[in-house]
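The structure under discussion appears below in the form of structure tokens.
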Amino acid sequence: MSAVQPLIDQIWKPEPVAPAVPLAIRTNLVGMDRAEMAAAFAEMGLPAFRMKQVWNWVYHRGVTDFEAMTNIAKELRGRLAENFRIARPTVVTEQKSTDGTIKWLLRFEDGNEVETVFIPEEDRGTLCVSSQVGCTLTCKFCHTGTQRWVRNLGPAEIVGQVMLARDKLGEWPASMEGRNFTNIVMMGMGEPLYNYDNVAKALKIIMDGEGVALSRRKITLSTAGVVPAMQKCGEELGVNLAVSLHAVTDEVRDVIVPLNRKYKIAELIQACRDYPGASNARRITFEYVMLKGVNDSDQDAHALVKLLEGIPAKMNLIPFNPWPGSPYECSSNTRIDRFSKILMEAGYASPVRKTRGQDILAACGQLKSASEKMKKSERPE
Ligand code: SAH
């Protein structure tokens with residue numbers, strides 16, 4: 001490891017990416033918030049109620065063709081289609097795990113790609129959404145961290161992942177009872193709090209009661225600890241917070257989560273104490289990856305309990321998911337059991353996260369754009 005790791009902000013520069021597909025001229029309605037859609041409709045001389053109708057068709061019913069908008073006259077449907085489109089990211093590959101997890105590799109209009117994962121469980125179905133192409137954080141145990149950061153995703157690309165999953169699951173309109181897709185975790189590729197504005201805009205669209213209508217209680221944003229953005233996230237969005245803690249000393253965390261060199265554990269824990277809306281009913285989740293011989297001793301477990309004292313917290317131990325060339329090993333089952341027992345004795349219930357989708361490299365920390373690992377010629381059409 002180099003002695004001087006460049007500071008995150010210094011590497012925070014996008015490299016230009018040549019568009020693979022020319023950008024369409026018609027504006028995509030997906031990704032527009034109410035104010036933008038209202039302005040676009042006003043510009044066409046259309047009354048506000050038209051925007052509301054279209055909002056409902058696009059975000060609540062998930063239609064992609066203006067011809068399906070049956071409460072809008074044919075002539076106006078034509079005008080809308082001339083000015084707008086209702087686009088999704090393109091699916092490059094879809095992989096299904098033996099446990100039912102589905103991973104999509106999605107391509108955007110400039111040719112960049114991310115992965116989105118749907119994880120069905122008995123009582124819920126969770127979509128793991130990406131916020132960036134690549135990541136700046138270079139966490140040592142994370143596969144995405146080995147891929148260089150390319151760019152932030154825009155609101156349309158974040159909302160687009162959600163809409164695409166609903167399309168694939170056949171779950172429009174969004175609000176009907178008995179939906180499999182019930183929750184969102186911002187835990188895919190990227191650091192959502194380093195793309196705060198776009199993530200916030202996207203989540204507000206997703207939370208709109210007359211649209212996709214997923215409540216903030218069903219949405220969890222996971223951060224490696226971008227301390228200055230945490231307060232705002234709680235105040236403006238009020239979503240559940242998950243924090244990728246992974247170590248109890250700055251010495252260890254500096255190495256495995258290099259962002260810690262900028263925001264130390266004490267600062268991060270204080271930001272958690274101050275997180276708006278956290279309560280015993282809405283606890284902060286602390287994620288902790290189990291790395292053999294690195295952070296998994298009894299002493300670490302006891303220190304963890306002490307560190308979180310007084311915070312309304314849930315623990316989430318993640319067995320390390322290996323990836324080709326990964327520099328760590330997962331702690332043994334007996335070690336994980338022992339570690340979790342210490343947490344349970346301190347009052348944390350069932351803290352080990354079940355690994356899902358490992359056979360298709362869809363588990364935590366295994367996501368990486370296939371553009372880097374699979375040649376075009378090897379991909380299924
Ligand atoms: N940047 C955000 C979002 C990524 S979330 C964050 O750091 O929270 C993905 C979660 O999986 C994080 O807790 C991450 O630290 C964890 N993770 C990454 N690589 C992993 C791996 N190989 N095995 C298990 N968990 C991993």
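The analysis underlying the following values was restricted to heavy atoms, covering all of them including side chains, and did not include hydrogens, waters or symmetry mates. All ligand and atom numbering here is 1-based and tracks the order in the structure.
- Linking ILVMFWY residues whenever their side-chain heavy atoms come closer than 4.5 Å, directly or via other members, leaves V185 and F181 in distinct clusters.
- Of all protein heavy atoms, the one closest to atom 14 (C) of ligand 1 is H246 NE2, 3.7 Å.
- R26 and N83 share no side-chain donor-acceptor pair at under 3.5 Å.
- For ligand 1, the atoms sitting less than 4.0 Å from at least one non-hydrogen atom of V289 are 23 (N), 24 (C), 25 (N), numbered in the order shown with element in parentheses.
- Close approach of ligand 1 to I318 is summarised as follows: ligand atoms under 4.0 Å from at least one heavy atom of the residue are 24 (C), 25 (N).
- Closest protein heavy atom to atom 13 (O) of ligand 1: S244 OG, 2.7 Å.
- Nearest protein neighbour of atom 19 (N) of ligand 1, counting heavy atoms only, is G365 CA, 2.9 Å.
- Looking at T223 against ligand 1, only its backbone comes within 4.0 Å, counting heavy atoms.
- Inter-residue side-chain proximity for V63 and M69 is flagged as met; some heavy-atom pair is nearer than 4.5 Å.
- Looking only at protein heavy atoms, the nearest one to atom 3 (C) of ligand 1 is G190 O, 3.4 Å.
- Rounding to the nearest 0.5 angstrom, the gap separating the SG atom in C272 from the CG atom in L307 is 9.0 Å.
- Between the CZ atom in F339 and the OG atom in S332 there is a gap of 12.5 Å [rounded to 0.5 Å].
- Ring geometry for F84 against F66 counts as tilted: the plane angle lies between 30° and 60°, on a 0 to 90° scale.
- Ligand 1 has a nitrogen or oxygen under 3.5 angstrom from a nitrogen or oxygen of F141.
- Closest to atom 25 (N) of ligand 1 among all protein heavy atoms lies C364 CB, 3.4 Å.
- Within the listing of ligand 1, atoms 6 (C), 7 (O), 8 (O) sit less than 4.0 angstrom from a heavy atom of A224.
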| message | Set out, in order, the CA-CA distance, both residues' side-chain angles and the distance that settles side-chain contact (heavy atoms from CB on, under 4.5 Å) for E121 and K354, then state yes or no. | response | CA-CA 11 Å; E121 286 174 272; K354 216 172 137 203; over 6 Å; no
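- Using a 4.0 angstrom heavy-atom cutoff, Y328 does not count as in contact with ligand 1.
- Remark: minimum distance from atom 4 (C) of ligand 1 to any protein heavy atom is reached at G188 O, 3.7 Å.
- With a 4.0 Å heavy-atom cut-off, ligand 1 is reached by the backbone of N321 and by its side chain too.
- A donor-acceptor contact closer than 3.5 angstrom links the side chains of S297 and D300.
- Hydrophobic clustering of Ile, Leu, Val, Met, Phe, Trp and Tyr side chains at less than 4.5 Å, counting indirect connections, keeps F118 apart from M187.
- Here is the list of ligand 1 atoms found below 4.0 Å of a heavy atom in W323: 22 (N).
- With contacts defined as side-chain heavy-atom distances shorter than 4.5 Å, the pair S244/F286 does not qualify.
- Protein heavy atom nearest atom 5 (S) of ligand 1, with residue, atom name and distance: M187 O, 3.4 Å.
- Contacts of E287 with ligand 1, taken as heavy-atom pairs under 4.0 Å, involve the side chain alone.
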